[in-house]
Each structure stands twice: as C-alpha cells, then as structure tokens.
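Within every chain, numbering begins at 1; the chains are lettered A, B, ... in the order of the sequence lines, protein sequences first and strands thereafter.
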Amino acid sequence: MKGIEREPLPGFRDFEPADCAQRNFIFNQWRSVAHTFGYEEFDGPIVEALVLFTQKSGPEIVEQLFAFQDKGERAIALRPEMTPSLVRMVGKRLATLKRPTKWFNITEQFRYERPQKGRLRSFYQFNADIIGESSSAADAELIALAIATFQKFGLKKEHFHVRLSDRQLWVLWLKAFGVNQEQEVGALLGILDKWERRSPESIQEDLTASFKDSTKATLFLNTTEVLRKARTLDAIRECFHNCQPSSDMEALEQRLSELKVLLQELESLGVRDWVTLDLTIVRGLAYYTGFVFEVFGNGDQGRALAGGGRYDHLFEKLVGQPMPAVGFAAGDVTLTDLLRKQTLFPPDQSAVDCYVVFEQTERQRALLLAQQLRAAGFSVLYSLDLQKDLGKQQKKAYADDPHYVITLTHELVSQAKAQIKGAESEQIVDLKSLPEYLKQ
RNA sequence: GUGGUUGUAGCUCAAUUGGCAGAGCAUCGGAUUGUGGUUCCGAGGGUUGCCGGUUCAAGCCCGGUCUACCACCCCA
C-alpha cells in the first residue's frame with residue numbers, strides 16, 4: 001500500500017455513485033411516505049451536549065458514543081439517536097404545541113460499537129414521532145406508517161412483519177409475582193430480554209437470585225414460557241387467569257381493552273395482517289412506557305429493520321414537563337441489505353439525456369448547443385478532449401449509453417442541422433428546434 | 001471490550017509438497033469501422049492488508065496487528 005489508507009474508518013461507508021443512488025432512493029421513499037401521513041420534516045444539529053444523552057440513557061452510554069471535548073471544553077457527542085434532540089427542540093415550545101404534532105426526519109447517526117452485519121458506526125435513520133396524543137390511535141397510526149415505509153419499497157407480507165408487545169402488560173405480570181420496585185423490574189426485564197438465547201437452567205439460576213425463592217422462580221419460569229407463546233388477547237388473559245391468582249384483573253382488563261383498541265385501529269387501517277401480538281419483544285422496555293413494536297424481515301434471524309413505541313415519561317425527564325409521545329426509527333443498513341437481497345432497488349438511471357459529438361471544426365457551435373439543452377433542463381455530456389475526432393467521440397458517447405446521441409458534422413452545421421439518434425430513431429433536425437424536439 | 005473465521009490488481013478469482021505473482025472483466029491507449037457499442041493489438045495497475053520471525057527461498061509456515069465477517073457485550 002502506497003500513500004494513504006484507502007478505506008474509510010471502521011464502521012463507516014463510502015458511497016460511490018451507485019451506492020449513493022440507492023441511498024437517495026431510500027431517502028426519497030421514506031420522505032414521500034412520511035408526507036402522505038402528514039408528517040413535517042425537521043432536522044437538528046449533528047452534535048449535541050453529552051448530557052442530553054447521558055440524562056436519557058445513563059452514564060454508561062458514553063462508552064457507546066463518539067464523545068469528546070470541544071475547544072471551549074464542552075463535553076459533546078455525535079448524536080447516536082434523534083429522540084433526545086427532538087425532545088429538546090419540541091421542549092422549547094411545549095406550552096403552545098399543536099397537538100398532535102407529527103414530525104419526521106432522516107439523519108446520519110453515530111454509535112461507537114463494534115461493527116457487524118447490519119450494524120455500523122455511522123448509519124442513517126428514518127425517525128417519526130407523534131407528540132401530544134396519548135390514545136392508542138396514535139400508536140396504531142404510527143405502526144401503519146412503519147408498515148407503509150416498507151411496503152413503499154415493494155416489500156410484501158412474505159418479506160416482513162411487525163411484532164407488537166407491551167411494557168405495561170409485563171409490569172402487570174411482574175406485579176402479580178410481587179415485583180414492584182423499579183430496580184427489580186429492570187433486572188427481570190433484563191432476564192426476559194435474554195430469554196430465548198439462554199438455557200432454562202441458566203434462566204432459573206438468575207430468577208432464583210432475583211426472587212430469592214427457587215419455587216417461585218420455577219413458577220415464574222414455567223408460566224412466563226406460556227405467556228411468551230400467547231398470540232391473542234384471549235391467550236394473554238388466560239395466562240393471567242390460570243397462572244396467577246394474585247393478578248390485578250381490573251388493571252389487566254383495562255390494559256387489554258386498550259390493546260384491543262390498538263388492534264381494531266390496525267384492522268381499520270388495513271395493516272392488521274402484518275402485525276403479530278408477541279410479548280417476546282422486551283428490548284428497549286426500560287425506555288418505553290407502553291406499546292412497543294419491532295419490524296423484522298421474514299426468514300433470516302437478522303437484526304430488526306425498525307423499532308419503536310410509546311415513551312410518555314421522556315419529556316418530563318428531559319425538559320421537566322410531561323407530554324405523551326410515540327415514535328419509531330428505521331435504519332438504512334438492514335434495509336439496504338434486504339432490498340439488495342430481494343433486488344428491489346430500481347435499475348441504474350444515471351444515463352444522461354444527450355451526448356453531443358462533433359467534428360472539432362464545429363466545437364464552438366456544439367458547445368453552444370450543449371448549453372442551450374442544459375438550460376432547457378436536459379443533462380448533456382460532450383467530449384472534453386480537444387483532439388478526439390468524431391469516431392472516437394462516438395465510441396465514448398455510446399459507452400455512456402445516453403438516451404440520444406446528437407452529431408454535428410461540418411456539413412450538417414452548414415445547413416443549420418444536426419443528426420439525433422435515439423435507441424430506435426434517427427433523424428436530421430434543425431439545430432434551433434432540438435430543445436423542442438427533445439421535449440416531446 | 002472478549003473469543004473465532006478471514007484478507008492476492010478497481011471487481012470476480014487462479015497460483016502442485018514453500019520455488020520467477022497470473023487470468024477474465026473493468027480502465028487507458030492504438031488499429032479498423034472516414035458516423036456506432038463489435039473485432040484486433042497494446043499498456044497501466046500488486047512490497048499478496050500491515051509489521052516481524054523461520055527458511056537458500058514465504059501469497060503459502062509461525063507470532064503480532066488491522067479490516068471485514070461470526071458469536072458474546074450492547075442494541076437508544
């Protein structure tokens with residue numbers, strides 16, 4: 001290797017034209033869907049005060065951040081997510097906020113983690129949030145938006161699905177086992193999160209440590225196994241009835257009725273078939289307060305394509321004033337992998353409209369034509385080589401596969417004409433009328 | 001941060017037990033087609049990821065390191 005390192009930093013990507021086209025395609029589709037749902041686009045700074053992120057996620061988060069000091073000795077970080085910035089921005093105008101407020105954005109975000117497939121140190125996310133509406137109708141519409149963003153790429157029911165879970169049901173479940181304190185709840189949610197990746201013995205061990213009672217741990221283990229397999233409202237209700245006589249049935253029914261509203265809304269929005277009730281989704285419950293969901297590609301056990309849920313306490317925590325909110329984010333990395341695998345990216349459309357070739361004696365007239373066509377909105381190339389004769393130019397022109405090749409020979413120009421050649425047509429046209437001809 | 005797998009031209013890949021680093025595609029140039037992508041000829045491009053060790057000799061063996069990938073950790 002001579003000279004400088006040619007590869008970007010680990011976890012970062014170069015976007016050569018073909019990659020950039022795919023990225024822009026994704027951004028355009030995201031933006032377009034968000035608009036159809038009535039979301040307004042916003043943006044914020046790429047760096048924020050470090051405390052904005054530690055306040056939300058705790059001091060441990062610094063390990064996962066691109067964090068440093070600026071020259072004014074401020075502790076700052078590249079944003080790892082958009083929600084804190086959103087809360088900060090919206091927090092400035094909470095008192096007069098239109099409700100609901102629906103905002104979206106598309107941003108580059110940074111996390112200092114070990115890169116893997118589907119997870120890089122720099123990535124783009126589509127974020128959408130509904131602020132100021134606590135009804136499940138907001139959760140439902142947000143999930144419908146999440147589904148629409150994937151449908152927009154041509155992804156079908158056989159390609160992806162949404163798993164819907166609920167933090168409040170889990171809190172009720174834990175409460176039924178006498179777990180009330182926030183710390184204990186957190187510890188048990190952690191165990192639940194790792195559930196499927198661990199052996200029953202090892203789970204039993206952790207549960208016994210948490211409950212300080214191995215019989216209770218066993219009961220929790222066995223009944224939770226059943227609850228994790230519940231896929232309907234009735235099945236969930238049955239779990240609570242059968243497995244836990246100490247359950248607060250009134251609170252349960254209250255919550256189930258909210259879940260029912262959510263499912264009905266999804267049904268009315270025509271997306272119920274994409275959604276599976278699945279309480280195995282526990283990830284991120286620490287931060288969410290209600291319904292949570294994740295989008296997964298079918299088949300491969302890859303990383304989630306998107307995730308989100310309700311976070312009604314975050315505004316109070318960060319800006320001191322309560323405000324209900326629900327949001328989700330979808331990343332570009334897993335999506336790009338999926339779209340490439342399914343070959344759902346559109347074919348390359350980088351070809352120019354026209355390539356102008358000419359005998360060098362007509363160079364001046366040819367360049368004038370090129371500029372006239374450009375002014376009319378067409379993309380135009382011509383050879384920058386002052387020596388290349390007509391044949392050489394032509395060879396280069398066809399290699400670029402333009403929609404039209406326009407040829408100016410001395411003879412044609414002397415008659416104020418040019419030859420224009422498309423895929424299946426070939427004509428001699430007045431030089432002056434070329435822009436008009438191309439517009440047809 | 002821990003463990004494992006990996007790396008040869010821009011891309012896809014060759015190179016017998018350790019024995020002169022190659023091909024196709026791509027790029028650039030030339031010839032031909034006096035205005036067509038073809039065809040033909042040629043060129044550039046590599047300290048075999050990097051550093052060190054063993055050896056008369058290392059792409060190949062050994063150690064380290066980096067990257068990518070995989071499993072952990074984490075996943076906002």
Side-chain angles (χ1 to χ4, degrees), chain A residues 1-14 16-18 48 52-58 60-65 77-87 107 109-121 123 125 127 129 190 193-194 197-198 202 281-288 292 294 300-309 311 314 317-318 327-331 333-334 337 351 355-359 362 385 387-402 404-412 418-424 426 428:
Chain A
M1 173 81 65
K2 281 176 287 188
I4 58 164
E5 173 63 48
R6 320 293 169 83
E7 295 304 319
L9 289 169
F12 287 78
R13 290 169 287 177
D14 288 329
E16 293 183 18
E48 290 273 11
L52 181 66
F53 305 118
T54 55
Q55 184 97 3
K56 184 204 162 208
S57 306
E60 317 81 49
I61 196 71
V62 178
E63 294 304 311
Q64 319 277 342
L65 298 179
L78 296 179
R79 61 183 170 206
E81 58 169 324
M82 204 56 201
T83 311
S85 301
L86 169 74
V87 170
T107 55
Q109 294 167 191
F110 307 87
R111 297 180 185 174
Y112 198 87
E113 302 177 290
R114 175 160 298 212
Q116 274 182 41
K117 192 163 190 64
R119 182 169 77 176
L120 303 175
R121 288 181 174 177
F123 54 95
Q125 276 194 332
N127 295 266
D129 294 86
D193 186 21
K194 296 179 180 66
R197 280 172 286 164
R198 312 224 349 232
S202 134
I281 299 297
V282 182
R283 221 166 83 178
L285 285 198
Y287 150 61
Y288 291 112
V292 296
E294 293 191 337
D300 53 11
Q301 294 293 322
R303 308 185 62 79
L305 294 165
Y311 52 99
L314 193 60
K317 190 172 182 180
L318 289 185
F328 88 98
V333 182
T334 47
D337 287 346
Y355 202 117
V356 180
V357 299
F358 44 85
E359 290 176 349
E362 309 309 318
D385 188 324
Q387 315 301 333
K388 268 198 171 57
D389 63 27
L390 195 56
K392 294 261 158 61
Q393 290 178 41
Q394 209 124 31
K395 193 167 255 187
K396 297 289 279 184
Y398 284 107
D400 273 344
D401 200 26
Y404 294 98
V405 173
I406 297 170
T407 303
L408 274 64
T409 60
H410 178 71
E411 190 184 348
L412 282 164
Q419 182 199 63
I420 178 162
K421 217 158 177 177
E424 286 160 10
E426 177 182 341
I428 305 294

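- When the P atom is used for both B:G4 and B:G53, the distance is 25 Å, rounded to whole Å.
- Nearest-nucleotide assignment on RNA chain B puts the 5′-proximal partner with A:Phe12, out of A:Arg198 and A:Phe12.
- With hydrogens and angles ignored, the 3.5 Å screen pairs no side-chain donor or acceptor of A:Gln393 with any backbone N or O of A:Val357.
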Under 3.5 Å, which N/O atoms of the protein pair with N/O atoms of nucleotides 26-28 of chain B?
{"residue": "B:C28", "atom": "OP1", "partner": "A:Lys396", "partner atom": "NZ", "Å": "3.0"}

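- Under the 3.5 Å distance criterion, the side-chain polar atoms of A:Arg111 are matched with a main-chain donor or acceptor of A:Pro80.
- Annotation: A:Tyr112, atom OH; neighbour count of heavy atoms from other residues, nucleotides and ligands within 6.0 Å does not exceed 12.
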Scan nucleotides 1-4 of chain B against the protein and return all N/O pairs shorter than 3.5 Å with their distances rounded to 0.1 Å.
{"residue": "B:U2", "atom": "O4", "partner": "A:Arg114", "partner atom": "NH1", "Å": "3.4"}

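- Residues forming a side-chain hydrogen bond (donor to acceptor under 3.5 Å, both in side chains) with A:Glu113 (at least two apart in sequence, or on another chain): none.
- If you find the closest nucleotide of RNA chain B to A:Pro8 and to A:Lys194, the one lying nearer the 5' end belongs to A:Pro8.
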Base-pairing string, 5' to 3', of RNA chain B - Watson-Crick or wobble, under 3.5 Å, | interstrand: (((((.(..((((.....[..)))).(((((.......))))).....(((((..]....)))))).)))))....

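- Taking the ring axis of A:Phe12 as reference, the NZ or CZ atom of A:Arg121 does not stay both within 45° of it and closer than 6.0 Å to the ring centre.
- Atom P of B:C61 sits at a distance of 15 Å from the matching atom of B:A14, rounded to the whole Å.
- Between A:Asp401 atom CG and B:G37 atom P there is a gap of 14 Å when expressed in whole angstrom units.
- By the side chain to side chain contact (heavy atoms under 4.5 Å, CB included) test, A:Glu411 is found to be paired with A:Thr409, A:Gln415, residues two or more places apart in sequence or in another chain being considered.
- The residue A:Gly331 sits apart from the nucleic acid: no heavy atom pair falls under 4.0 Å.
- Comparing B:G22 with B:U6, their P atoms are spaced 26 Å from each other, to the whole Å.
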Provide a list of protein-nucleic acid N or O atom pairs under 3.5 angstrom, restricted to nucleotides 32-35 of chain B.
{"residue": "B:U32", "atom": "O4", "partner": "A:Lys395", "partner atom": "NZ", "Å": "3.4"}
{"residue": "B:U35", "atom": "O4'", "partner": "A:Gln394", "partner atom": "OE1", "Å": "2.7"}
{"residue": "B:U35", "atom": "O2", "partner": "A:Gln419", "partner atom": "OE1", "Å": "3.4"}

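- Remark: P of B:G49 and CG of A:Leu9 are 21 Å apart, rounded to the nearest angstrom.
- Remark: A:Asp385 engages A:Lys388 in a side-chain hydrogen bond (donor to acceptor under 3.5 Å, both in side chains) (not counting sequence neighbours).
- With rounding to whole Å, A:Gln387 atom CD is found 12 Å from B:G29 atom P.
- Between B:A21 and B:G63, the two C1' atoms lie 25 Å apart (nearest whole Å).
- When the side-chain hydrogen bond (donor to acceptor under 3.5 Å, both in side chains) test is applied to A:Tyr311, the partners found at least two apart in sequence or on another chain are A:Asp129.
- Take A:Arg79 and apply the salt bridge (Lys or Arg N to Asp or Glu O under 4.0 Å) test, not counting sequence neighbours, and it matches A:Asp43.
- Residues satisfying the salt bridge (Lys or Arg N to Asp or Glu O under 4.0 Å) criterion with A:Glu48, sequence neighbours excluded, are A:Arg88.
- When the P atom is compared between B:C60 and B:U54, the two are found 15 Å apart, to the nearest whole Å.
- Atoms CZ (A:Arg6) and P (B:C11) sit 11 Å apart, rounded to a whole Å.
- Rounded to the nearest Å, the gap between the C1' atom of B:C66 and that of B:C28 is 33 Å.
- Considering only the side chain of A:Arg303, B:C75 comes nearest among B:A76, B:C73, B:C75.
- In this structure, A:Asp193 atom CG and B:C72 atom P are separated by 12 Å, rounded to whole Å.
- Taking atom C1' on both nucleotides, B:G59 is separated from B:G7 by 11 Å, rounded to a whole Å.
- We find the OG1-CZ distance between A:Thr334 and A:Arg303 to be 8.5 Å, quoted to the nearest 0.5 Å.
- In this structure, A:Arg119 has no side-chain hydrogen bond (donor to acceptor under 3.5 Å, both in side chains) partners at least two apart in sequence or on a different chain.
- Within the 4.5 Å cutoff, side-chain heavy atoms of A:Leu314 are placed close to those of A:Tyr287.
- With hydrogens and angles disregarded, a donor-acceptor distance shorter than 3.5 Å links the side chain of A:Asp389 to the backbone of A:Gly391.
- Regarding A:Glu113, its CD atom lies at a distance of 16 Å from the C1' atom of B:A71, rounded to whole Å.
- Taking atom CD on A:Glu424 and atom P on B:G37, their separation rounds to 19 Å, with Å as the unit.
- Counting non-hydrogen atoms under 4.0 angstrom, A:Pro80 reaches a base of the nucleic acid.
- Using P as the reference atom, B:A31 and B:A68 are 46 Å apart when rounded to the nearest Å.
- With sequence neighbours left out, the salt bridge (Lys or Arg N to Asp or Glu O under 4.0 Å) criterion links A:Glu426 to A:Lys421.
- We find that CD of A:Gln109 is positioned 13 Å from C1' of B:C75, with the value rounded to whole Å.
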